[in-house]
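This report concerns only the one structure given below.
Being a predicted model, the structure only gives us computed values, none of them experimental. The first residue in the sequence is number 1, and the count goes up from there.
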Amino acid sequence: IHTEEKERVVKGIHRLIESDGQFWSDEYRFARADGSYAHVYDSFYVICDEERKPVRMIGAMMDITERKLLEKMKDDLFRDAAHELRTPYAMIQMGLDLMERGFRQNNRRKIFTGKKIIGINVDRLEHDVENLLDIFKLEAGVQQTKEKTLTVAANGFFKEALRLYQPQIQEKKLKLELKIRQGLPPLRIPRTDLLRAFRNVLDNAIKFTDRGTISIWVRKQENFAAIHVQDTGRGIRKEDLGRVFEKFFKASAGVQGVGL
């Protein structure tokens with residue numbers, strides 16, 4: 001038993017025996033053979049003789065390390081989600097303040113700029129909330145409704161997707177390149193699902209690129225459209241490449257977000 005938890009666990013067992021209790025359970029860290037610690041759920045029943053004296057215990061120990069890790073990841077998710085939601089909220093408030101000053105000063109430019117800031121950040125807020133709802137639905141095992149396939153122009157679709165991120169790109173002084181192969185036919189896609197997936201990848205590229213260029217190009221590949229996103233950011237370590245789609249996994253622990 002880990003030294004930080006041993007006293008608590010032992011005292012709990014003694015309290016059970018001294019109070020003539022019959023069942024005990026607790027969670028704590030237990031040493032593995034290699035020296036590392038596993039989180040375990042330990043429980044037992046006390047077997048007494050005819051005089052009600054404890055004579056033996058029957059129990060089992062279960063490794064719950066993976067569950068504990070997932071719980072920690074969820075805690076991090078809620079903390080990061082709160083931070084992510086506060087950002088567009090603050091920008092919406094700023095846009096409202098700017099519009100209010102514009103009305104007072106009869107300044108149409110301030111009114112227009114404030115309206116634009118609000119519109120962009122309402123979209124961002126909607127995007128963040130949809131992502132959180134998707135995660136909760138997946139966790140709860142809720143069957144996702146299959147979205148109807150629509151036919152859209154590639155140029156319009158990607159420009160709409162990029163509009164949400166223009167303020168972040170400008171703030172970080174990044175260069176954005178969008179290249180759509182000429183002659184690309186209209187896309188037949190589940191529009192909302194693809195928009196959300198593309199924005200997740202683009203958001204990741206912006207978040208981890210401090211300077212340089214983010215390049216997006218779309219080309220026809222047989223009967224499909226191949227979408228490529230490339231950036232000049234820090235990249236992903238080779239040992240983490242196989243884990244990028246694990247639930248809540250983040251290659252950089254100090255960065256807000258919920259992982260891809």
Side-chain angles (χ1 to χ4, degrees), residues 77-136 147 150-180 182 184 186-187 189 191-218 227-234 252 254-258 260:
L77 163 65
F78 289 127
R79 186 190 65 244
D80 291 351
H83 177 86
E84 295 281 345
L85 294 176
R86 275 197 297 268
T87 302
Y89 171 79
M91 293 298 292
I92 290 169
Q93 186 63 55
M94 186 182 78
L96 286 170
D97 292 342
L98 190 60
M99 286 185 71
E100 186 179 351
R101 291 200 302 272
F103 282 120
R104 284 202 308 266
Q105 300 167 5
N106 197 26
N107 188 322
R108 299 182 68 179
R109 183 177 179 182
K110 285 185 179 180
I111 296 171
F112 175 78
T113 303
K115 182 176 179 292
K116 186 176 180 181
I117 290 171
I118 292 171
I120 289 172
N121 282 279
V122 165
D123 286 348
R124 181 177 174 186
L125 194 58
E126 181 183 17
H127 168 64
D128 290 344
V129 170
E130 283 175 349
N131 277 340
L132 289 173
L133 288 174
D134 281 347
I135 291 170
F136 296 146
E147 188 185 1
L150 299 174
T151 301
V152 299
N155 197 53
F157 173 81
F158 288 103
K159 283 187 175 178
E160 179 190 352
L162 293 172
R163 183 176 69 88
L164 177 66
Y165 294 97
Q166 286 300 331
Q168 291 169 263
I169 291 167
Q170 291 170 7
E171 182 182 350
K172 296 186 79 171
K173 297 179 180 177
L174 300 174
K175 183 181 178 183
L176 180 66
E177 295 179 344
L178 174 62
K179 300 176 182 177
I180 298 177
Q182 282 190 341
L184 188 72
L187 306 175
I189 55 172
R191 184 182 172 282
T192 303
D193 287 344
L194 182 60
L195 185 63
R196 197 173 301 163
F198 175 68
R199 281 177 168 175
N200 284 340
V201 176
L202 182 60
D203 182 67
N204 203 64
I206 295 169
K207 187 179 294 182
F208 293 101
T209 303
D210 297 321
R211 60 179 179 274
T213 305
I214 296 173
S215 302
I216 300 145
W217 65 96
V218 188
I227 305 165
H228 302 262
V229 179
Q230 185 177 19
D231 61 67
T232 56
R234 69 189 74 170
S252 299
V255 178
Q256 261 82 24
V258 297
L260 284 174

Flag side-chain contact, heavy atom, 4.5 Å: [X] against [Y]:
| X | Y | value |
| --- | --- | --- |
| L187 | T151 | no |
| V229 | W217 | no |
| T213 | D231 | no |
| I206 | L202 | yes |
| E177 | I214 | no |
| I216 | L176 | yes |
| R234 | D210 | yes |
| Q105 | K110 | yes |

How close do G212 and T232 get, counting heavy atoms only, and between which atoms?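 That closest heavy-atom pairing would be CA-OG1, 3.3 Å.
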
[X] [atom1] to [Y] [atom2] distance, which is reported to the nearest 0.5 Å:
| X | Y | atom1 | atom2 | answer |
| --- | --- | --- | --- | --- |
| L162 | K159 | CG | NZ | 9.5 Å |
| K115 | M99 | NZ | CE | 7.5 Å |
| I118 | M94 | CD1 | CE | 9.5 Å |
| H228 | K179 | NE2 | NZ | 12.0 Å |
| Q230 | T209 | CD | OG1 | 10.5 Å |
| F158 | I227 | CZ | CD1 | 3.5 Å |

Residues which pass ring-ring contact (aromatic ring centres under 6.0 Å, His included) with Y165, listed by chain and number, not counting sequence neighbours: none

Name all residues meeting the ring-ring contact (aromatic ring centres under 6.0 Å, His included) criterion together with F157; count only those two or more places apart in sequence or in a different chain, and write none if there are none. none

When you measure from the side chain of D203 to the backbone of R199, do you find a donor-acceptor pair of N or O atoms at a distance under 3.5 Å? no

Is atom NZ of K116 surrounded by more than 12 heavy atoms (other residues, nucleotides or ligands) closer than 6.0 Å? no

Just grab all the salt bridge (Lys or Arg N to Asp or Glu O under 4.0 Å) pairs involving residues 93-104, residues at least two apart or on different chains.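 Residue pairs passing salt bridge (Lys or Arg N to Asp or Glu O under 4.0 Å), neighbours aside: E100-R104.
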
Derivation and outcome, side chain to side chain contact (heavy atoms under 4.5 Å, CB included), residues T113 and L98: CA-CA 8 Å; T113 303; L98 190 60; 3.7 Å; yes

